[in-house]
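These notes are about the structure you will find just below.
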Protein chains: 2
Amino acid sequence: MVTLKDIAKHANVSTATISRYLSSNIVVKKETEEKIQRAIKELGYVTNVVAKSLKHMETFNVAVILPKINNLYYSEMTSGISQILGQHHYNLYIYEVDNLNLSEIEIIQLMRENMIAGIVFIGLFSDRSFKDSIHDVMSWNIPAVYANRCIPYDGFPLLYPDLTKASQLGAEHLLSKGKHKIAYVHNQLPDDLLDHFIDGFKQASHSDDTPTMIEIKEGMDLAKDCIPHLLRNDIDGVFVLNEMSAVHLTKALVDCQISIPKDMAVLSLGNSLISQISTPELSCVDLQNRELGIRSAEMILSQIRKEAFAPVTVLEPFIVERKST
Amino acid sequence: MVTLKDIAKHANVSTATISRYLSSNIVVKKETEEKIQRAIKELGYVTNVVAKSLKHMETFNVAVILPKINNLYYSEMTSGISQILGQHHYNLYIYEVDNLNLSEIEIIQLMRENMIAGIVFIGLFSDRSFKDSIHDVMSWNIPAVYANRCIPYDGFPLLYPDLTKASQLGAEHLLSKGKHKIAYVHNQLPDDLLDHFIDGFKQASHSDDTPTMIEIKEGMDLAKDCIPHLLRNDIDGVFVLNEMSAVHLTKALVDCQISIPKDMAVLSLGNSLISQISTPELSCVDLQNRELGIRSAEMILSQIRKEAFAPVTVLEPFIVERKST
DNA sequence: TTGTAAGCGTTATCAT
DNA sequence: ATGATAACGCTTACAA
């Protein structure tokens with residue numbers, strides 16, 4: 001490996017001069033500059049970031065901790081993060097929790113050992129893992145962001161889509177399509193989260209009515225269990241709070257020869273590729289995944305630079321209308 | 001930050017003893033061990049991996065360089081890589097080329113600066129970028145793997161799915177379904193790659209016949225341009241060499257009221273979520289993306305450990321039959 | 001404008 | 001079994 005010392009010797013200047021010339025924009029005699037440049041080229045010098053990191057006691061590595069990367073939901077956010085970090089010359093580590101046989105504590109420990117510059121925690125909005133760990137992380141002055149959750153503010157930077165608004169927009173959209181008997185379908189979401197959706201529905205319907213709530217349980221057969229339930233209640237519009245379930249329900253409805261959107265409108269929460277691929281193409285409420293990633297990264301960078309920033313960012317969802325409503 | 005020095009002072013032993021106790025499994029007096037353990041706990045020491053890396057002149061960071069992460073094709077491979085690296089306590093860097101405003105040279109430079117332990121290059125099989133850079137990387141003794149390409153062996157570790165076999169399996173499958181007028185649909189694949197597919201077709205048909213080759217051009221309307229072409233040639237089975245295109249073509253066929261698979265069987269190359277979501281669900285040739293990732297990571301680790309390994313790994317595709325054939 | 005030297009946290013060599 | 005110390009490559013007072 002070619003070091004500063006090597007080019008110092010080769011160029012007949014001190015390492016200090018070269019270091020200054022390379023790092024700061026400090027003035028150097030033309031002659032010295034030429035000598036240095038020649039030496040760098042001739043010996044093929046490349047700077048050693050690890051040594052720099054040790055000296056400065058900081059790295060340019062930001063970690064994203066998520067359940068798994070092979071999921072469009074997470075990978076879209078990650079891509080947003082990657083974009084911003086790249087622009088600012090930070091590197092991106094990925095840790096897949098579902099894939100790593102490490103406990104939460106071990107992963108957090110890893111962050112400290114590696115002098116990680118900042119951490120983005122990503123999870124489903126019903127997930128509460130790592131919640132306590134974040135306080136540890138912050139107490140060690142590691143910038144952190146908890147992204148895509150919807151939990152009460154608890155002293156750490158938070159970022160999530162406005163689910164009440166999402167619900168309101170969704171319900172309004174269904175209503176505007178002449179659907180008046182609306183059901184919300186979800187995969188075992190916790191009650192406090194469902195409350196957000198119920199609130200949104202009330203705002204949309206200008207009433208105190210509650211939508212029919214239908215829970216999809218693990219291994220349930222939609223055509224046998226869910227659709228009869230829908231029909232029995234004369235439902236004419238469903239808002240499915242999980243994109244994948246929306247796709248499956250749509251498939252089941254088509255199999256049951258129920259016309260979409262005439263007899264049943266289907267609205268999905270989340271707008272990845274799969275909503276577009278589904279037949280019919282699904283209308284959906286876009287939760288802005290990429291933007292969520294972008295903002296997360298920006299919040300991390302603000303913290304690193306000790307700039308002011310809003311500790312809680314709430315993103316506005318919007319409707320994307322396609323064929324299913 | 002609590003350092004070895006700090007706990008040395010606190011425990012009244014030398015840094016050398018602690019370092020040895022922590023890193024090697026060298027014997028220490030019971031009394032010393034207790035003193036050290038107590039000091040570590042009381043001061044909250046965590047080891048500094050950056051300092052270790054500088055000392056040892058090696059990191060535990062492996063980089064994956066890919067076009068973009070928000071694509072099931074790449075994220076599935078990446079997840080496989082992540083799984084293996086995690087098991088061996090390596091960290092995973094991700095660099096999205098499409099997202100990073102860096103030239104190939106700059107990215108490679110970055111790898112050197114950061115003392116990356118190994119690099120997995122991932123790309124579409126029609127892509128040839130980074131091909132030359134790999135020789136540079138290897139000349140600097142950075143372990144590297146070129147994954148998911150199908151290019152002639154050129155002195156660097158290679159890993160790809162057997163496309164000729166994939167073609168053969170696909171053609172055999174369509175033939176076995178009674179389809180005799182078969183077309184291959186692709187998105188502007190280069191000729192040398194198409195040759196593999198043509199070879200596979202010949203092997204399947206035990207003849208020297210060539211399948212009808214149809215090229216999808218940027219912005220082409222499948223219903224208007226592609227399907228009439230198919231019909232004109234009495235095609236009754238298509239093998240689409242790109243999963244996304246297979247989905248789109250299927251949609252277009254359904255719109256044109258062509259019955260799948262009765263009037264037209266559709267087979268897709270690649271087996272991600274989207275083939276399952278498509279209506280009808282697509283039969284496909286699975287290229288083993290996750291396994292490709294797993295093997296890539298293993299090849300990197302072998303190189304790092306200077307173990308023997310096969311420089312070229314070819315993975316066997318297999319048929320997954322669903323509703324479209 | 002340039003050089004000298006100490007030090008970032010760790011490990012390894014050589015003594016003791 | 002343990003300690004003193006140099007070194008990994010780089011930066012930065014301080015001096016010249």
Measuring to OP1 and OP2 of [N], would you say a side-chain N or O of [X] lies under 4.0 angstrom away?
X: Tyr45(A); N: dC10(D); result: yes
X: Thr32(B); N: dT2(D); result: yes
X: Lys52(B); N: dT11(C); result: yes

Decide, yes or no, whether a salt bridge links Glu34(A) with Arg38(A) under the criterion of side-chain N to carboxylate O below 4.0 Å. no
Is the closest side-chain heavy-atom distance between Ile69(B) and Asn99(B) below 4.5 Å?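 No; the side chains remain at least 4.5 Å from each other.
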Considering only dC8(D), dT1(C), dG3(D), which nucleotide approaches the side chain of Leu54(B) most closely?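 Nearest to the side-chain atoms of Leu54(B), counting from C-beta on, is dC8(D).
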Picking from dA4(D), dG9(D), dT10(C), which would you name as closest to the side chain of Lys55(B)?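 Output: dT10(C).
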Between [atom2] of [N] and [atom1] of [X], the distance in whole Å:
X: Ile18(B); N: dA4(D); atom1: CD1; atom2: C1'; value: 14 Å
X: Asp6(B); N: dT10(C); atom1: CG; atom2: P; value: 9 Å
X: Leu4(A); N: dA5(C); atom1: CG; atom2: P; value: 18 Å
X: Arg20(B); N: dA4(D); atom1: CZ; atom2: C1'; value: 10 Å
X: His56(A); N: dA13(D); atom1: NE2; atom2: C1'; value: 13 Å

Heavy-atom pair with the smallest gap, counting every atom of Leu159(B) and Ser296(B):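 Heavy atoms of Leu159(B) and Ser296(B) come nearest at CD2-OG, 3.0 Å.
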Can you spot which of Ile65(A), Ile119(A), Thr59(A), Ile116(A) makes a side-chain contact (heavy atoms from CB on, under 4.5 Å) with Tyr93(A)? Ile116(A)
